[in-house]
Amino acid sequence: MIESINFKEDLLHWYYENKRQMPWRETTNPYYIWLSEVMLQQTQVNTVKPYYNAFIKAFPTIEDLSNAKEEEVLKYWEGLGYYSRVRNFHEAVKEVHESYNGVVPTDPTEFKHLKGVGPYTNAAVMSIVHNHPLPAVDGNVLRVWSRLTSNYADIQLQKTKKTFEEELMPYVQTNSGDFNQAMMELGATVCTPKNPICLFCPVQTHCEAFHQGVVTELPVKKKKIKKKTVNYVVLYITNKNGEVLVRKRSAKLLHNMWEFPMFEHDESIHSIEEELDAVIDIESEPEFTTKHVFTHMTWNMEVYRAYTQKNSFKAPYRWISKQQKDQLSFSTSMSKIFSKMNR
DNA sequence: TACACGTGGGA
DNA sequence: TTCCCAAGTGT
């Protein structure tokens, strides 16, 4: 078993000597720490940095964000993915503004009730800001702890996470913020999924998996996701003014993001014109084909140039000039299509 | 409990 | 190319 005192001391000593610079580590503002934790969900540090800097510049205070419109806020998340994060964060911050006098709750039980704040974000923010004794168990910690304790339980099971949280409780009674971040930092830089650098690991002597020579067998993950594939026709429709037809999505996927009109591949021209309520001239051959891969599905897209005489479209459709494209939020797949069509 | 929910990087 | 995975949460 791990010798508790030495393990934590060794880990923290390494952390203080090696911790990477990140913009959110230069502040104690709970709103900024919270924002960083939301942005970091399923997203790597280097990806987050520029988004974080732009976001706090645009919305420096809870009041600024509370007064902003969703459309504007979404623009600062464009390309970052998992867009429900920013909608939930916006809603939660407005709740703090209205119901908590603009002060982020210091009680974990209250903070956890806010939209988008789950067990991880609650523990991370509350430990970093107030050293509340809560273990922040993310993907890094699940991997690191399964190796340190040589635990072959499936880390995707809720039961396993609960067990880990209980086992970690003794280590978060003091300095929980630093301990939680040190565990994650270790997972991100040393105890990596592939080719972990055990040679330079600060807690190698405490690692059960290392002693047993089974580091590469851990962690155990049983489930694998199967992906759906959907084929689409994407129409890049222009008018005589050189404007492009776009529409705002209402689906849950990429909710409220803008896109070029797209239809499932087996849909007829007739039903497409019916949906658009317009006569559309579509080029006979696609301009190009492209693939967009999500975590849970793949879009195969045939992109066609098309033209129409119709002037005005009703919501969710609208014409935009090429300059106006920068004012609306598009998913990455749509931005790539826009670039290719304007080269 | 299982699945939906984005995107980019590394091997 | 293909697969995995990254500071998870909502339903």
Side-chain angles (χ1 to χ4, degrees), chain A residues 15 19-20 22-25 33-52 74 77-89 91-92 111-128 134-145 154-162 165 177-189 191-196 216 219 221-230 249 251-257 259 291-299 329-336:
Chain A
Y15 176 65
K19 72 173 174 178
R20 296 173 291 172
M22 302 176 194
W24 47 88
R25 285 186 171 159
I33 305 281
W34 179 14
L35 170 67
S36 73
E37 290 301 338
V38 174
M39 284 187 162
L40 285 163
Q41 290 169 15
Q42 302 290 286
T43 311
Q44 301 192 121
V45 168
N46 286 336
T47 305
V48 165
K49 283 179 183 170
Y51 283 91
Y52 171 86
L74 193 54
W77 215 271
E78 184 185 47
L80 194 55
Y82 284 145
Y83 300 97
S84 64
R85 288 183 295 176
V86 72
R87 291 195 302 273
N88 291 338
F89 181 64
E91 186 182 326
F111 185 61
K112 173 84 173 57
H113 282 300
L114 295 166
K115 204 71 178 289
V117 177
Y120 166 77
T121 304
N122 184 38
V125 175
M126 290 295 108
S127 67
I128 292 169
L134 296 167
V137 179
D138 73 331
N140 286 310
V141 176
L142 287 169
R143 179 176 61 259
V144 168
W145 196 247
D154 185 344
I155 60 165
Q156 291 177 322
L157 299 178
Q158 199 60 38
K159 189 175 61 177
T160 307
K161 192 182 152 194
K162 201 172 171 185
E165 283 169 347
D178 287 339
F179 177 80
N180 284 333
Q181 292 185 85
M183 287 286 281
M184 294 189 277
E185 193 92 345
L186 184 71
T189 62
C191 194
T192 49
K194 292 167 191 170
N195 308 318
T216 56
K221 270 190 195 179
K222 286 178 182 167
K223 186 181 60 185
K224 45 214 156 194
I225 351 136
K226 34 189 165 178
K227 246 177 240 187
K228 278 189 246 177
T229 297
V230 193
R249 289 176 65 88
K252 270 186 286 185
L253 177 62
L254 300 171
H255 185 67
N256 284 353
M257 305 287 283
E259 68 182 4
K291 183 161 73 166
H292 190 75
V293 181
F294 299 89
T295 306
H296 59 298
M297 71 169 77
T298 301
W299 286 357
S329 301
F330 288 82
S331 74
T332 296
S333 60
M334 293 298 144
S335 289
K336 285 179 179 170

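All heavy atoms count here, side chains included; hydrogens, waters and symmetry mates do not. Per chain, numbering begins at 1; letters A, B, ... match sequence-line order.
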Could you check A:N195 against A:L157 and say which one's nearest nucleotide on DNA chain B is further toward the 5' end?
-> A:L157
Distance-only donor-acceptor check, side chains A:Y83 and A:E78, under 3.5 Å | no
At under 4.0 Å between heavy atoms, what does A:N88 touch on the DNA or RNA strands: base, sugar-phosphate, or nothing?
-> sugar-phosphate
Of A:K228 and A:K336, the one whose closest nucleotide on DNA chain B sits nearer the 5' end is A:K228
Salt bridge (charged side-chain N to carboxylate O under 4.0 Å, His left out) partners of A:E165, counting only residues at least two apart = none
Distances under 3.5 Å only, N/O to N/O: pair up the protein atoms with those of nucleotides 3-7 of chain C.
residue	atom	partner	partner atom	Å
C:dA6	OP1	A:R143	NH1	2.6
C:dA6	N3	A:Q42	O	3.3
C:dA7	OP1	A:N140	ND2	2.9
C:dA7	OP2	A:N140	OD1	2.2
C:dA7	OP2	A:N140	ND2	2.7
C:dA7	O5'	A:D138	OD2	3.4
C:dA7	O5'	A:N140	ND2	2.5
C:dA7	O4'	A:D138	OD2	2.7
C:dA7	N9	A:Y120	OH	3.3
C:dA7	N7	A:E37	OE2	3.4
C:dA7	N6	A:R25	NH2	3.2

When rounded to the nearest 0.5 angstrom, what distance separates OG in A:S84 from CD in A:E91?
-> 11.5 Å
Is there a side-chain polar atom (N or O) of A:H296 under 4.0 Å from OP1 or OP2 of B:dC3?
-> no
Geometric class of the A:W299/A:H292 ring pair [parallel <30°, tilted 30-60°, perpendicular >60°] | tilted
Roughly how far apart, to the nearest Å, are B:dC3 and C:dC4 at atom P?
-> 15 Å
Whole-Å distance, A:W77 CH2 to B:dT7 C1', equals 13 Å
Considering only the P atoms, how many Å lie between C:dT9 and B:dG8, rounded to the nearest integer?
-> 22 Å
Mind checking the C1' distance from C:dC5 to B:dC5? Whole angstroms is fine.
-> 15 Å
Quick one: label A:V38 by what it contacts on the DNA or RNA (base, sugar-phosphate, nothing), any heavy atom closer than 4.0 Å.
-> nothing
Could you state the NE2-C1' distance from A:H255 to B:dC5, rounded to the nearest angstrom?
-> 13 Å
What is the distance from atom OH of A:Y15 to atom OG1 of A:T189, rounded to the nearest 0.5 Å?
-> 10.5 Å
Taking NZ from A:K112 and C1' from C:dG10, how many angstroms apart are they, rounded to a whole number?
-> 10 Å
Residue pair A:R85 / A:T121, side-chain donor-acceptor N/O under 3.5 Å = no
Between A:S331 and B:dG6, does any side-chain N or O lie under 4.0 Å from OP1 or OP2?
-> no
Taking atom P of C:dG8 as reference, at what distance in whole Å does atom NZ of A:K115 sit?
-> 20 Å
To the nearest Å, how far apart are A:E78 CD and B:dG8 C1'?
-> 16 Å
When rounded to the nearest Å, what value does the distance between P atoms of B:dA11 and C:dA7 take?
-> 15 Å
NZ/NE/NH1/NH2 to OD/OE distance under 4.0 Å, A:R25 and A:E185 = yes
B:dT1 P sits how many Å from A:K159 NZ, rounded?
-> 9 Å
For A:Y51, the option from A:L35, A:V86, A:L80 that meets side-chain contact (heavy atoms from CB on, under 4.5 Å) | A:L80
May I ask you to say what A:L254 touches in the nucleic acid, namely base, sugar-phosphate or nothing, with a heavy-atom cut-off under 4.0 Å?
-> sugar-phosphate
A:R249 CZ to B:dA4 C1': how many Å, rounded?
-> 13 Å
Which whole-number value in Å describes the distance from A:H292 NE2 to B:dC5 P?
-> 13 Å
